[in-house]
Asks: 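Pasting a structure below so you can have a look.
Keep in mind that this is a model prediction, so the values were computed, not measured.
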Amino acid sequence: MEIQPKDFADRDALLAHVRALSPSLSPEDVQVSDTVGGRQVGEKQLAKIDPIAYGHSRNYLGGKVSYLSPYIRHGILSLNEVRNLALKAVPQGEAIKPIEKFIQELAWRDFWQRVYQQNPDWIWHDVEDYKTGFAPDDYSDTLPDDIQTAQTDCAAINYFITTLQTTGYLHNHARMYLAAYIVHWRRVKWQAGARFFLAHLLDGDPASNNLSFQWVASTFSNKPYFFNLENLQKFAHPQAPCEEGDNQALAGSYDQLAARLFPYGVSS
Amino acid sequence: MSDLIWLHEEALRASHPLFSASSAPTQSVFIWDDAYMAAMGYGLKRRVFLYETLLELPVDIYAGDTIETLKALAETSQASRLLTATTPNPQLNDIMGALPLEVTRVAEDAFVEMPNPEGLRRFFKYWNKAKKFAFQPNGTR
Ligand SMILES: Cc1cc2nc3c(=O)[nH]c(=O)nc-3n(C[C@H](O)[C@H](O)[C@H](O)COP(=O)(O)OP(=O)(O)OC[C@H]3O[C@@H](n4cnc5c(N)ncnc54)[C@H](O)[C@@H]3O)c2cc1C
């Protein structure tokens, strides 16, 4: 048995080797992320975290989020060491309130991993019924072409799809918007959306991804998650194109959208 | 007793407790298993990220079916035990279960040093317990 090389002249050479070792990859799968793997880059990213600014800006696409997820996902950084460093952002003995949100988000990962450990079969199966007034069979099994090619009639959604496909990363809020669009606007099964995310996210994780999708869908939460254009404009501007004319399907009050998306009423 | 250390995709750092758990390691390996990665849905982006990560790690990379490769490596190195990292991933756990070797699973450093509450479902039920540990270094109370 042959030991595989670790020395490459450049990234292209490494890429060619990865491809040679990966006959199952489709020839159309050619995109590589600018995010580089490895502990060295992970540590550099870790040194940049700002857990205090995170607390008040994390919901904005331009907010001070950590970008640590692919490193945490593969154990390159442990949740423990990230938390230990975050604790140093407040002097010892002072209230931890300013960093509470950051540590709570780390805990979300721990929580999903523990749920996964207890119930591995929840990853691909509805944990609960949909609370959307629809039955599972009312949702399509496959992702429509216009979503895969970023050609939907909503410019912001197309921006999120393209970002996902080129960078392998999406901000948490963008994941929520795109997942809700797929499941509720287009009535596609959450599993199809989850598979699409897992194929592109560098941090794609069966538990964090699929259980979050079920949370959006309402098969693992008390109600479906959806949003409106006003919310998108607040959090995703200026990164995403948020003009109403380019995103008409997302416009309206929450009541109007609920009536459109869930005409049979939301159950709990 | 000599140990073969199998590093899988969820434990890719040299400071993982796995590496200090053996007093007699023979070899540390990562298996590049195309069929496993396809089953996990990994595209080119992820695979490049993983290979780049492996470049810095003290492991030999082999390509092939995970079970067959680990069996062959254990035989060549005459390892009597396989050490690997604990994971919730059923595919990896199935592989561990299918190996004709003693397998010892080494846990990741805990985020919160508390047992898994029964019947986990909603985050805040977990968080009400976990927050007592989460703000302490090493998650200990
Ligand atoms: C539909 C959907 C799919 C998702 N899929 C994944 C996935 O496949 N992998 C993944 O790691 N996260 C996933 N998340 C959670 C979250 O969006 C990402 O962890 C986060 O956006 C990663 O960016 P960051 O590292 O800058 O996070 P930060 O906000 O800086 O958070 C720090 C770390 O905490 C953890 N974290 C934060 N929020 C969450 C959360 N809600 N759930 C779990 N862990 C969290 C991550 O490890 C993250 O790196 C998903 C969320 C949604 C709504």
Side-chain angles (χ1 to χ4, degrees), chain A residues 1-4 6 8 11 14-15 17-19 21-25 29-33 35-40 70 73-81 83-84 87 96 100 103-104 106-111 113-120 127 168 195 198-202 204 206-207, chain B residues 9-16 30 32 34-35 37-38 40-57 60-64 69 72-73 76 85 87-90 93 108-112 116-123 126-127 130-131 134-139:
Chain A
M1 266 177 309
E2 196 187 331
I3 297 182
Q4 298 298 319
K6 286 189 178 169
F8 296 94
R11 207 180 192 205
L14 179 139
L15 211 146
H17 188 68
V18 166
R19 200 164 257 301
L21 290 184
S22 304
S24 67
L25 280 183
D29 185 352
V30 292
Q31 184 70 44
V32 176
S33 169
T35 301
V36 174
R39 173 88 189 179
Q40 285 180 27
R73 157 67 178 99
H74 289 290
I76 301 165
L77 298 170
S78 71
L79 277 181
N80 181 43
E81 68 184 312
R83 182 263 319 284
N84 288 352
L87 287 174
I96 39 95
E100 201 175 300
I103 290 183
Q104 193 184 71
L106 296 175
W108 269 97
R109 175 168 169 90
D110 186 51
F111 169 69
Q113 294 298 302
R114 285 169 181 256
V115 173
Y116 187 17
Q117 182 88 47
Q118 277 182 4
N119 302 285
V127 177
R195 222 170 283 122
L198 287 176
H200 292 287
L201 287 171
L202 292 182
Chain B
E9 57 143 337
E10 305 200 347
L12 299 181
R13 73 176 190 283
S15 58
H16 192 284
F30 179 91
W32 188 275
D34 179 53
M37 291 195 198
M40 293 297 289
Y42 295 169
L44 181 66
K45 284 190 282 290
R46 176 90 67 118
R47 294 180 191 218
V48 168
F49 181 86
L50 290 174
Y51 209 106
E52 282 171 340
T53 299
L54 292 170
L55 298 181
E56 294 173 8
L57 287 173
D60 295 329
I61 309 167
Y62 291 89
T69 312
L73 288 167
T76 330
T87 169
N89 178 332
N93 283 321
E108 170 64 293
D109 296 333
F111 174 67
V112 285
N116 223 354
E118 290 280 309
L120 275 181
R121 229 180 160 88
R122 296 290 190 252
F123 176 77
Y126 152 90
W127 181 241
K131 68 184 177 194
F135 298 103
Q136 303 302 325
N138 300 323

Asks: For chain A, which candidate among B/T69, B/D34, B/L54, B/V112 shows the most heavy-atom pairs at distances under 4.5 Å?
Replies: B/D34
Asks: Where do A/E81 and A/R39 land on the salt bridge (charged side-chain N to carboxylate O under 4.0 Å, His left out) test, with the steps shown first?
Replies: CA-CA 13 Å; A/E81 68 184 312; A/R39 173 88 189 179; 2.9 Å; yes
Asks: Is B/N89 in contact with chain A via its backbone, its side chain, both, or neither, using a 4.5 Å heavy-atom distance?
Replies: both
Asks: Parallel, tilted or perpendicular, judged at 30° and 60°: which one describes the rings of A/F8 and B/Y51?
Replies: perpendicular
Asks: Between B/E9 and chain A, which part of the residue has a heavy atom less than 4.5 Å away: side chain, backbone, both or neither?
Replies: both
Asks: Between chain B and each of A/Q104, A/R109, A/M1, A/Q113, count heavy-atom pairs under 4.5 Å; write down the option with the most.
Replies: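 Top count of heavy-atom pairs under 4.5 Å with chain B: A/Q104.
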Asks: Top residue by heavy-atom pair count (under 4.5 Å) with chain B, among A/I3, A/I96, A/L201?
Replies: A/I3
Asks: Between A/H200 and A/Q31, does a side chain to side chain donor-acceptor pair (under 3.5 Å) hold up when you go through it step by step?
Replies: CA-CA 9 Å; A/H200 292 287; A/Q31 184 70 44; over 6 Å; no
Asks: Most heavy-atom pairs under 4.5 angstrom with chain B, which of A/G204, A/P206, A/A207?
Replies: A/G204
Asks: May I ask you to name which of A/Q117, A/R19, A/R114 has the most heavy-atom pairs under 4.5 Å with chain B?
Replies: A/R114
Asks: Does A/I103 form a side-chain contact (heavy atoms from CB on, under 4.5 Å) with B/F111? I'd like the steps, not just the answer.
Replies: CA-CA 10 Å; A/I103 290 183; B/F111 174 67; 4.2 Å; yes
Asks: Could you check whether A/F111 and B/W127 have their ring centres less than 6.0 Å apart?
Replies: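 Ring-ring flag for B/W127/A/F111: false, centres at least 6.0 Å apart.
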Asks: Pick one of side chain, backbone, both or neither for B/A35, based on which atoms fall under 4.5 Å of a heavy atom in chain A.
Replies: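 Neither part.
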Asks: I'd like to verify something: which residue of A/L198, A/V127, A/V36, A/L106 has the highest number of heavy-atom pairs under 4.5 Å with chain B?
Replies: A/V36
Asks: Check whether A/L14 gets within reach of chain B through its side chain, its backbone, both or neither, counting any heavy atom under 4.5 Å.
Replies: side chain
Asks: Using non-hydrogen atoms and a 4.5 Å limit, figure out which bit of B/T87 sits close to chain A: side chain, backbone, both or neither.
Replies: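 Backbone only.
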Asks: Is chain B contacted by the side chain of A/L79, its backbone, both, or neither, given a heavy-atom distance below 4.5 Å?
Replies: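 Both backbone and side chain of A/L79 come within 4.5 Å of chain B.
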Asks: Considering only heavy atoms and a distance below 4.5 Å, find which of B/E118, B/H16, B/M40, B/E52 pairs most often with chain A.
Replies: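 Looking at each of B/E118, B/H16, B/M40, B/E52 in turn, B/E52 comes out on top.
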Asks: Which is it for B/L44 and A/L15 under the side-chain contact (heavy atoms from CB on, under 4.5 Å) test, yes or no, and what are the steps along the way?
Replies: CA-CA 9 Å; B/L44 181 66; A/L15 211 146; 4.2 Å; yes
Asks: Within the distance-only criterion (no hydrogens, no angle test), does the side chain of A/N84 pair as donor or acceptor with the backbone N or O of B/N138 below 3.5 angstrom?
Replies: yes
Asks: Only pairs of heavy atoms separated by less than 4.5 Å count here; which of B/R121, B/K131, B/E108 has the most with chain A?
Replies: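 Highest number of heavy-atom pairs under 4.5 Å: B/R121.
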Asks: Heavy-atom cut-off 4.5 Å, strictly under: side chain, backbone, both or neither for B/A11 against chain A?
Replies: backbone
Asks: Chain B: which of A/P70, A/S33, A/P120 shares the most heavy-atom pairs with it under 4.5 Å?
Replies: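 The option with the most such pairs is A/P70.
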Asks: Under 4.5 Å heavy-atom distance to chain A, tell me which part of B/L73 shows up: side chain, backbone, both or neither.
Replies: both
Asks: Check B/Y42 against A/L25 and note the closest heavy-atom contact, atom names and distance.
Replies: O-CD2, 3.8 Å
Asks: Quick one: what part of A/D29 sits under 4.5 Å from any heavy atom of chain B, side chain, backbone, both or neither?
Replies: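 Both parts, backbone and side chain.
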Asks: So, does A/R195 use its side chain to make a donor-acceptor pair with the main chain of B/G41 at under 3.5 Å?
Replies: no
Asks: Between B/D109 and B/R13 (salt bridge meaning N to carboxylate O under 4.0 Å), is one present in this structure?
Replies: yes
Asks: Do you know which two heavy atoms are closest between B/E10 and B/P88, and how far apart they sit?
Replies: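 Shortest heavy-atom contact: OE1-CD, 3.9 Å.
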